[in-house]
Amino acid sequence: MKTLLINGSPHKNGNTFVALTEVANALKTNGIETEFVHIGMKPVQGCTACQKCFELGRCIFKDELYTTLIEKLQDADAVVIGSPVYYAGVNGSLCAILDRLFYSASDLLEYKPAAAVTVARRGGTTAAFDRLNKYFTISNMPVVSSQYWNIIHGAKAGEAAQDAEGLQTMRTLGKNMAWLLKSIKNGQQPLPEQEAWIATNFIRK
Ligand SMILES: Cc1cc2nc3c(=O)[nH]c(=O)nc-3n(C[C@H](O)[C@H](O)[C@H](O)COP(=O)(O)O)c2cc1C
């Protein structure tokens with residue numbers, strides 16, 4: 001079983017990476033493979049609301065980040081998404097790719113356990129955490145939690161390694177995710193039947 005970890009920071013080795021690495025190490029210790037994708041420093045294409053994905057089954061833009069994530073999700077059993085906090089929210093570049101991914105590839109996401117991790121110097125972690133969880137909870141993904149909200153603090157790259165409670169929260173998250181993955185594998189039930197979508201804009205078609 002494998003967990004895909006998405007580092008939503010432009011810093012490959014920044015604080016978000018410190019947090020995700022702690023989760024990954026706990027997963028590995030508990031028998032789960034891990035793989036990282038970094039969103040990196042390049043500009044990220046956002047969703048243009050063209051709705052072409054409804055026809056194509058995938059996003060019309062085939063940039064490297066999107067195609068890499070699609071490929072890695074094929075054999076991932078779970079997903080952890082980490083973001084640095086920017087103005088009390090998720091990094092805009094990360095939202096840009098996640099909007100496209102979740103809109104066009106729900107088949108690769110649904111029923112896979114998921115967790116969000118947010119990283120800040122000081123404030124805005126829970127608002128960003130809430131935003132990331134919104135992707136999972138509209139996509140039939142079981143959300144994995146920890147002993148505290150999945151947040152960690154640090155300003156300069158690497159400082160998060162000094163946040164002992166934050167690191168412990170990450171380790172617990174990794175252990176909880178490994179436990180859930182193994183529990184699902186050992187007691188897998190048929191997936192729930194899905195009803196046809198009743199789409200109302202508040203109350204009317
Ligand atoms: C554009 C920008 C906005 C930021 N906004 C916040 C903020 O709202 N609250 C906060 O505590 N830190 C804020 N920070 C600091 C980062 O969240 C913090 O340095 C974090 O550790 C960076 O993670 P990274 O090393 O993985 O990139 C901001 C940083 C940048 C570049």
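Just so it is clear, the model here is predicted, and its values are computed rather than measured.
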Quiz item: What do the steps show when you test Leu132 against Leu94 for side-chain contact (heavy atoms from CB on, under 4.5 Å), and what is the final call?
Solution: CA-CA 10 Å; Leu132 284 176; Leu94 178 61; 4.2 Å; yes
Quiz item: Does atom CD of Glu64 have more than 12 heavy-atom neighbours from other groups under 6.0 Å away?
Solution: no
Quiz item: Can His153 and Ile151 be said to form a side-chain contact (heavy atoms from CB on, under 4.5 Å), step by step?
Solution: CA-CA 7 Å; His153 291 278; Ile151 65 175; 4.1 Å; yes
Quiz item: Can the ring centroids of Phe54 and Tyr103 be said to lie less than 6.0 angstrom from one another?
Solution: yes
Quiz item: Minimum heavy-atom separation for Leu173 to Ser146, with atom names?
Solution: N-OG, 3.5 Å
Quiz item: In the single-linkage hydrophobic clustering (I, L, V, M, F, W, Y; side-chain heavy atoms under 4.5 Å), do Leu109 and Val143 co-cluster?
Solution: yes
Practice problem: Drop me the distance from Leu108's CG to Gln74's CD, to the nearest 0.5 angstrom. | Solution: 5.0 Å
Exercise. Show your working on side-chain contact (heavy atoms from CB on, under 4.5 Å) between Phe61 and Thr48 and close with a plain yes or no.
Key: CA-CA 10 Å; Phe61 299 112; Thr48 59; 3.8 Å; yes
Exercise. State yes or no: do Ile81 and Val23 share one hydrophobic cluster built from I, L, V, M, F, W and Y residues joined by side-chain heavy-atom distances below 4.5 Å, directly or via other members?
Key: no
Exercise. Mark yes when over 12 heavy atoms from residues, nucleotides or ligands other than Leu191 sit less than 6.0 Å from its CG; otherwise mark no.
Key: yes
Exercise. Heavy atoms only: give me the nearest Val18-Gly158 pair and the separation to one decimal.
Key: CG2-CA, 4.2 Å
Exercise. Only pairs at least two apart or in different chains count here, so list each salt bridge (charged side-chain N to carboxylate O under 4.0 Å, His left out) that has a residue in residues 155-182.
Key: Glu22-Arg171
Quiz item: So among Leu167, Thr125, Asn15, which one has a side-chain contact (heavy atoms from CB on, under 4.5 Å) with Ile152?
Solution: Leu167
Exercise. Give the minimum heavy-atom separation between Asn91 and Pro10, together with the two atoms involved.
Key: ND2-CD, 3.8 Å
Quiz prompt | Non-hydrogen atoms of Ala178 and Leu27 that approach each other most closely | solution = N-CD2, 3.9 Å
Self-check item: Tyr148 and Gln168: CA distance, side-chain angles, deciding distance, side-chain contact (heavy atoms from CB on, under 4.5 Å) verdict
Solution: CA-CA 9 Å; Tyr148 194 85; Gln168 187 179 54; over 6 Å; no
Quiz item: What distance do Lys185 atom NZ and Asp77 atom CG have between them, rounded to the nearest 0.5 Å?
Solution: 8.5 Å
Self-check item: Heavy-atom pair with the smallest gap, counting every atom of Gly8 and Ile39
Solution: O-CD1, 3.6 Å
Exercise. Report the residue from Gln45, Lys42, Arg100 that forms a side chain to side chain donor-acceptor pair (under 3.5 Å) with Asp63.
Key: Arg100
Practice problem: Provide the closest heavy-atom pair for Gly82 versus Thr16 in the form atom of the first, atom of the second, distance. | Solution: C-CG2, 3.5 Å
Quiz item: In Å and rounded to the nearest 0.5 Å, what is the CZ to CG distance from Phe36 to Leu4?
Solution: 9.5 Å
Practice problem: To the nearest 0.5 Å, tell me how far Leu73 CG sits from Lys2 NZ. | Solution: 10.5 Å
Self-check item: Test item: Lys112 side-chain N/O and Val79 main-chain N/O as donor-acceptor pair under 3.5 Å
Solution: no
Quiz item: Okay, side chain of Ser139, backbone of Met141: is any donor-acceptor separation there less than 3.5 Å?
Solution: no
Quiz item: Asn133 side chain to Phe129 main-chain N or O, any donor-acceptor pair under 3.5 Å?
Solution: yes
Quiz prompt | Minimum side-chain heavy-atom gap Thr3-Leu181 below 4.5 Å | solution = yes
Quiz item: Is there a donor-acceptor pair closer than 3.5 Å between any side-chain N or O of Asn150 and the backbone N or O of Ala116?
Solution: yes
